[in-house]
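Throughout, a chain's letter reflects where its sequence line sits, starting with A, and its residues are numbered from 1.
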Number of protein chains: 2
Amino acid sequence: MAGVELPSPDRTPTIRDVAELAGVATSTVSRALSNPDRVNRVTRERIQQVAAQLNYVPSSQARGLSSGRTQAIAVLVPDVTNPFYFDIIRGTQHQLKAAGYTQLLVDTEESAEMEEEALHKMRRSADGFILAASRLTDAQLAESAAAHPMVTINRASANAPTVVIDTPSAIVQSLEHLASLGHSKICFVGGPASSWSNAKRWKAFEDETRERGMTTFRVGPFAPKTTSGAAAADAAAHTGATACIVFNDLLAIGMLQRLRERGVRVPEDMSIVGCDDIFGADFCNPPLTTIASPIEQAGRVAVSMLLAQLNPLQGGPSRRLAVMPTHLTIRGSTGPARVP
Amino acid sequence: MAGVELPSPDRTPTIRDVAELAGVATSTVSRALSNPDRVNRVTRERIQQVAAQLNYVPSSQARGLSSGRTQAIAVLVPDVTNPFYFDIIRGTQHQLKAAGYTQLLVDTEESAEMEEEALHKMRRSADGFILAASRLTDAQLAESAAAHPMVTINRASANAPTVVIDTPSAIVQSLEHLASLGHSKICFVGGPASSWSNAKRWKAFEDETRERGMTTFRVGPFAPKTTSGAAAADAAAHTGATACIVFNDLLAIGMLQRLRERGVRVPEDMSIVGCDDIFGADFCNPPLTTIASPIEQAGRVAVSMLLAQLNPLQGGPSRRLAVMPTHLTIRGSTGPARVP
DNA sequence: CAATTTTTGGCAATCGCTTGCCGACCAGTT
DNA sequence: AACTGGTCGGCAAGCGATTGCCAAAAATTG
C-alpha cells in the first residue's frame with residue numbers, strides 16, 4: 001500500500017475519505033461496500049481494506065436519504081410491560097439483528113390512535129412495520145398494509161401477511177382436558193374487548209363447549225394484567241364454574257393470587273388454564289396449566305416474512321400466513337372437578 | 001386560505017410541498033416547524049396549518065443528515081430476555097417517547113465485544129447511548145464516554161454520568177434481617193464475574209458479614225437465569241449455610257424450584273433473599289424476599305440525564321450521578337433459622 | 001485485426017432538510 | 001432626515017451517501 005496517508009483529523013471518516021485514500025471515486029466505494037459484484041475484485045479489496053483501516057461506518061442517515069431504505073423496522077406492541085410482548089420483542093430483535101436491521105421499538109399503549117400515529121410518523125424512518133396484536137380496525141389495518149410493508153402478529157388482515165399463534169385449537173384441547181377431569185361448568189375469562197385474539201379464543205371456547213354441551217359462563221373484559229386478576233377471580237368464582245379458561249397468563253396469575261387470598265383452593269375448588277406460557281407461568285403457585293405458545297418464534301417468523309416482502313429475492317410469492325402451533329402444558333392449576 | 005391547491009400526487013409530501021403551498025421558502029418552513037420563535041406568528045401559523053393539512057412529517061433521515069442530530073437514543077442491554085432489563089427498557093422507552101426521541105434497542109448478549117461494536121456502528125445513528133450494566137472495561141468505558149454522550153446504569157464510570165441502584169445498602173439491611181431471624185451462616189450466591197453490580201453486592205456482603213462476625217460462604221459465578229438456579233441451589237445447600245443472599249431474583253427463583261425438588265424447605269431449612277424485585281418475585285413459591293429496586297425509574301432517570309447532557313438548556317452542570325434508593329421487601333422466602 | 005460486448009469506474013444529480021449569511025423592512029433614536 | 005438595531009424571510013451551500021448514465025478499458029467474437 002503506497003497510498004496517501006490521511007491523518008484522520010478526529011472527524012469520523014466519510015465515504016469521501018475512503019475514496020481519497022483508496023484513490024477512487026466515492027461511487028466506487030459505495031458500490032464496493034454495498035454492491036460488491038459491481039466492482040473489480042482487487043479494487044474492492046483495496047477499498048475494503050482502507051475502509052477497515054479508517055474504521056469507516058456508512059452513515060445510515062445519508063444512506064437512507066439517498067436510497068430510500070433505512071434498514072430499520074418498527075415493531076409496535078400494545079404494552080412493553082407485558083411479558084408476552086417481551087418474547088415477541090426478543091424474537092424480532094434477534095432476527096432483525098441477524099439480518100443487519102435495526103429495531104425501532106414502539107409502545108402503543110393499547111391504543112389504536114397511538115398505533116396509527118406511530119405508523120404515520122415512522123413511515124419514513126422504517127422500511128417496514130411489525131404490528132403485534134394490533135388494535136386497529138380492519139379498515140385501518142388494510143389501509144396501512146397497503147401503504148407500507150408490514151406483517152401482523154396475532155391479528156389477521158386482508159392485506160398484510162400475518163403470523164398467528166394458534167391458541168384456539170389448543171383451547172379445544174384444554175376443554176377436553178377439563179372435561180376428562182370431570183368439569184362441566186366452565187368460565188371464560190375475557191381479555192381486552194378490542195383484542196382479536198380474545199375474540200378468536202372466545203369463539204373456539206364457545207363452539208367447543210356448545211358441542212360438548214357444557215355449561216358456560218363468560219366474564220370480562222379485563223385488562224391483561226395481573227392486577228386485574230382480583231376482579232377476574234371474584235367474577236369467575238361468583239359464576240359457580242369449577243374451571244376457568246383465562247385470556248392470558250398474566251390475568252391467570254393474578255387470579256391465582258386472589259383465589260388463594262379468598263381461600264379458594266386451586267385446583268381443588270377451581271381449575272385454571274391460562275394462555276401463552278409466559279415467563280412466570282411455571283413458577284407461580286400453583287404452577288399454571290397453560291397453552292404454550294412459541295412466542296419468540298412468532299416474532300422471528302414475522303421478521304422473516306417482512307424481510308421476504310422487502311427483498312423479494314428468489315422465486316415464488318412469499319408466505320401470507322404462518323400459523324404457529326401451540327400445545328397444552330399441564331401443570332398444577334388444573335385438577336379433578338370437585339364433586340358437588 | 002386562497003392558496004394554491006396541490007393535488008398531493010400520492011408521493012409523501014416534502015418540505016418543499018409545504019413551502020409551495022404556503023408560499024414561502026423551505027427554510028422558512030423548516031424554521032417554523034423546529035424553531036418557531038424565528039418566524040413571525042402569522043407566517044408560522046399558516047405554515048403549520050398547511051403542514052397539518054398535507055399531513056407532512058419531516059424525514060428524520062434528511063433532518064439527521066443536515067443537522068447532525070438523529071433524535072434517537074440507543075439503549076444497550078446485556079440481555080433482552082432478562083426481566084430486569086425489561087423494566088429498564090420500559091422506563092427508557094417511556095421517557096424517550098415523552099421527549100420525542102426514538103429508542104434503538106440493542107441486545108449485547110452479555111458481551112463486551114458486541115457492546116463495543118454497537119457503540120461504534122451506531123455512533124452516527126444515535127445522539128447518545130444508555131448502557132445498562134455494561135460489560136466493558138473501565139478503559140473502554142472511559143473511552144467511549146469521551147467519544148459520545150452516554151450514561152450508564154449500574155456501572156460507575158469516570159467519564160459518564162451514572163445511575164446506580166443502591167442495592168448494596170439494602171444488602172446490609174438484608175443481613176440485619178437475617179441476623180434478627182437467627183441466621184449466622186450465610187451464603188452469597190454470585191452472578192456474572194464481569195458484572196460490576198455483582199462485585200458491589202459481594203463487597204457489601206463481605207464487609208457487613210465480617211463486621212457482624214458471621215460465617216460466610218460464596219458460590220458462583222452463575223449466569224443470571226432461572227436455569228442456573230439448580231446448580232446454584234445445590235452449591236449453596238452444600239455449604240451448610242442457612243440463608244442465601246442471591247445475586248438476583250432470576251437466579252433466586254431458579255433456586256427456589258430446585259430446593260423444592262430436593263426437599264429443602266424454604267424458608268424452614270433455607271432462607272433466600274433475592275435482588276431486584278422483578279416481575280414474578282411476588283408470585284413465585286414461596287414469594288421471594290428481595291431487595292426492591294426502582295428499575296423502571298432508573299431507566300427514566302438515565303434518559304433524563306442523557307437528554308440534559310445533549311441539550312444543556314438552563315443553568316448548572318447536569319448531574320453526574322443518581323443513586324436510586326432500594327429497600328428490603330420481606331415475603332415468604334425468609335424465616336427463622338433452623339435450630340441445629 | 002476490426003467490431004462488438006462486457007466490465008469497470010467516474011461524473012454529477014439527487015434525496016429532504018438545516019443553517020449561516022445576507023438583505024429588506026420596520027420601528028425607534030438622534 | 002439620517003442612523004441604528006432588531007425581525008423576518010430567502011438564498012444557497014452543504015450533510016453523506018446512492019445511482020443512472022456514460023465512457024474508457026478489457027475481453028470476446030467473427
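- Residues from residues 59-70 of chain B lying near DNA chain D, meaning a heavy-atom separation below 4.0 Å, are B:Leu65, B:Ser66 in numerical order.
- Taking atom CZ of A:Arg16 as the reference point, atom P of C:dC11 lies 13 Å away to the nearest angstrom.
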Contact pattern, 5' to 3', of nucleotides 4-9 of chain C - B, S or - by protein heavy atom under 4.0 Å
----BB
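- In this structure, CD of B:Gln71 is placed 13 Å from C1' of C:dC17, rounded to the nearest angstrom.
- Applying the side-chain hydrogen bond (donor to acceptor under 3.5 Å, both in side chains) definition to pairs two or more places apart or across chains, those involving residues 29-43 of chain B are B:Arg41-B:Glu45.
- B:Asp87 pairs by the salt bridge (Lys or Arg N to Asp or Glu O under 4.0 Å) definition with B:Arg90, not counting sequence neighbours.
- A side-chain N or O of B:Gln103 and one of B:Thr92 form a donor-acceptor pair less than 3.5 Å apart.
- No hydrogens or angles considered: nothing links the side chains of B:Ser60 and B:Gln71 as a donor-acceptor pair under 3.5 Å.
- Side chains of A:Thr152 and A:Thr162: a donor on one and an acceptor on the other come within 3.5 Å.
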Donor-acceptor contacts under 3.5 Å from residues 295-306 of chain A side chains, at least two apart:
residue	atom	partner	partner atom	Å
A:Glu296	OE2	A:Arg300	NH1	3.3
A:Ser304	OG	A:Gln95	NE2	3.3
A:Ser304	OG	A:Arg300	O	3.1

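- Helix bend of the helix from C:dC1-D:dG30 to C:dT30-D:dA1: the angle between its two end axes, each built from five pairs, comes to 40° after rounding to 10°.
- Here the C1' atom of nucleotide D:dT18 and the CG atom of A:Asn35 are 10 Å apart, to the nearest Å.
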